[in-house]
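Counting begins at 1 with the first residue of the sequence. Heavy atoms only: backbone and side chains are in, while hydrogens, waters and symmetry mates are out.
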Amino acid sequence: MVIGRDAEYIHKLAQAGISGIYLQFDGLTGPVYEKIRGKDLLKEKLQAIEHCRAAGVQVVLAMTVIWGINHNQLGRVLDFALRNQDVIAGVAFQPAFTSGRFEVPFEKRLTMGDVIFELAEQSGGLIEPYDLWPLGCSHPLCSSATYIIEEGGANKPLTRLITPQEYIQFFDPNSPQGSVFADLAARRFRRSSTGCQ
């Protein structure tokens, strides 16, 4: 991975105008990458995040979730993202799409609903299943999200601080899918606050 090996590369990308990257990030242990990607890439992934931090480039972590390999690291990845909010803008938890060239053995298929309930269980109460709301796709489980903000000295899902009616009122169909809640938080609360989607 070039960004993890070459700090100058991300600086050049930033100078060219990028503001963020979508980084495949399957967990916080080497064996996860060995099983999914064929090689322990954890050190390079962490270095890529540090290079992005130095270049002022935001990162969204993309975790391919596979039962029996990394499904038990959802909470740890969320915690890692929250501890690094200065560079990590969000996490996309995606059940593995087991089609085509996908050759990683797995014990059972996961749906987005399975991932949501696993994440709720592993988050220590920070996120509950109904904190994740649909983003306007054809099916609520196609793409659901929440936005964690600091409120009163504690991290809380934005979806606990607004009503469904406020969500509809402040929803901006022109917001990119990954920015729906961040844009809503900025409009609704009219104050600067860091957050993680």
Side-chain angles (χ1 to χ4, degrees), residues 1-30 32-34 36-66 70 73-97 115 119 123 126-127 132 135-137 143-151 155-159 171-197:
M1 172 190 359
V2 177
I3 293 172
R5 292 188 303 268
D6 183 356
E8 285 306 308
Y9 184 71
I10 193 68
H11 282 281
K12 289 176 183 173
L13 291 175
Q15 289 169 356
I18 72 156
S19 59
I21 66 162
Y22 202 69
L23 179 68
Q24 188 69 52
F25 193 86
D26 297 320
L28 287 159
T29 59
V32 163
Y33 293 94
E34 290 172 4
I36 299 175
R37 309 291 163 195
K39 178 181 174 185
D40 182 352
L41 300 170
L42 180 60
K43 185 176 179 181
E44 285 183 46
K45 299 286 184 177
L46 296 173
Q47 194 61 59
I49 293 168
E50 290 306 316
H51 290 166
C52 287
R53 175 181 276 127
V57 173
Q58 286 190 332
V59 176
V60 172
L61 304 179
M63 182 178 183
T64 299
V65 185
I66 304 172
N70 66 348
Q73 293 196 23
L74 295 165
R76 291 177 61 191
V77 170
L78 174 63
D79 182 63
F80 175 77
L82 291 171
R83 286 185 286 110
N84 290 279
Q85 286 184 57
D86 62 308
V87 64
I88 298 175
V91 183
F93 296 105
Q94 305 164 330
F97 185 67
V115 171
L119 177 61
S123 73
L126 174 60
I127 294 177
L132 290 116
L135 291 175
C137 294
S143 185
S144 301
T146 194
Y147 188 70
I148 308 296
I149 62 170
E150 187 179 323
E151 183 74 12
N155 285 326
K156 293 182 183 174
L158 174 67
T159 48
F171 182 90
D172 181 356
N174 296 315
S175 291
Q177 188 175 16
S179 300
V180 168
F181 280 110
D183 290 350
L184 189 150
R187 283 191 306 280
R188 171 64 176 81
F189 291 99
R190 303 242 185 251
R191 60 179 167 81
S192 62
S193 76
T194 58
C196 190
Q197 184 155 306

Look at the rings of Phe25 and Tyr33 and say which category their plane angle falls in: under 30° parallel, 30 to 60° tilted, over 60° perpendicular.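 Phe25 vs Tyr33 ring planes: perpendicular.
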
Where do [X] and [Y] come nearest, in terms of heavy atoms and distance?
X: Gly27; Y: Val77; answer: CA-CG2, 4.0 Å
X: Ala55; Y: Ala14; answer: O-CB, 4.1 Å
X: Asp26; Y: Val32; answer: O-CG1, 3.3 Å
X: Val57; Y: Gly20; answer: CG1-CA, 3.7 Å
X: Val91; Y: Val60; answer: N-CG1, 4.4 Å
X: Ala145; Y: Phe181; answer: O-CE1, 3.2 Å

Would you please say whether a donor-acceptor pair under 3.5 Å links the side chains of Gln15 and His11?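 Judged by distance alone, the side chains do not pair up.
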
Compute whether any side-chain donor of one residue and acceptor of the other, for Gln58 and Ser19, lie under 3.5 angstrom apart.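 Absent: no donor and acceptor within the cut-off.
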
Greater than 12 external heavy atoms within 6.0 Å of Phe80's CZ: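 Above 12, so yes.
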
Side chains of Leu78 and Leu126: closer than 4.5 Å at any heavy-atom pair?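 Heavy-atom side-chain distance check passes, below 4.5 Å.
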
State, yes or no, whether a side-chain contact exists between Val2 and Arg5 at a heavy-atom distance under 4.5 Å.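 The answer is yes; the side chains approach within 4.5 Å.
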
Could you measure the distance from the [atom1] atom of [X] to the [atom2] atom of [Y]? Nearest 0.5 Å is fine.
X: Ile148; Y: Asn155; atom1: CD1; atom2: CG; answer: 6.5 Å
X: Ile149; Y: Leu158; atom1: CD1; atom2: CG; answer: 5.5 Å
X: Leu119; Y: Ile127; atom1: CG; atom2: CD1; answer: 4.5 Å
X: Cys52; Y: Gln47; atom1: SG; atom2: CD; answer: 10.5 Å
X: Ile21; Y: Leu13; atom1: CD1; atom2: CG; answer: 8.5 Å
X: Asn84; Y: Ile49; atom1: CG; atom2: CD1; answer: 7.0 Å

For Leu61 and Lys45: C-alpha separation, side-chain torsions, deciding distance, then whether side-chain contact (heavy atoms from CB on, under 4.5 Å) applies. CA-CA 10 Å; Leu61 304 179; Lys45 299 286 184 177; over 6 Å; no

Full working for side-chain contact (heavy atoms from CB on, under 4.5 Å) between Gln24 and Arg37: CA-CA 10 Å; Gln24 188 69 52; Arg37 309 291 163 195; 3.0 Å; yes

Is there a donor-acceptor pair under 3.5 Å between the side chain of Gln73 and the backbone N or O of Leu28?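 Yes.
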
Please confirm whether the backbone N or O of Thr64 pairs with a side-chain atom of Gln94, one donor and one acceptor, at under 3.5 Å?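 No, the answer is negative, given that no donor and acceptor are paired below the 3.5 Å cut-off.
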
Could you walk me through whether Glu44 and Lys39 pass the side-chain contact (heavy atoms from CB on, under 4.5 Å) test, one step at a time? CA-CA 11 Å; Glu44 285 183 46; Lys39 178 181 174 185; 4.0 Å; yes

Hey, mind stepping through Thr29 and Asn70 against side-chain contact (heavy atoms from CB on, under 4.5 Å) and telling me if it holds? CA-CA 9 Å; Thr29 59; Asn70 66 348; over 6 Å; no

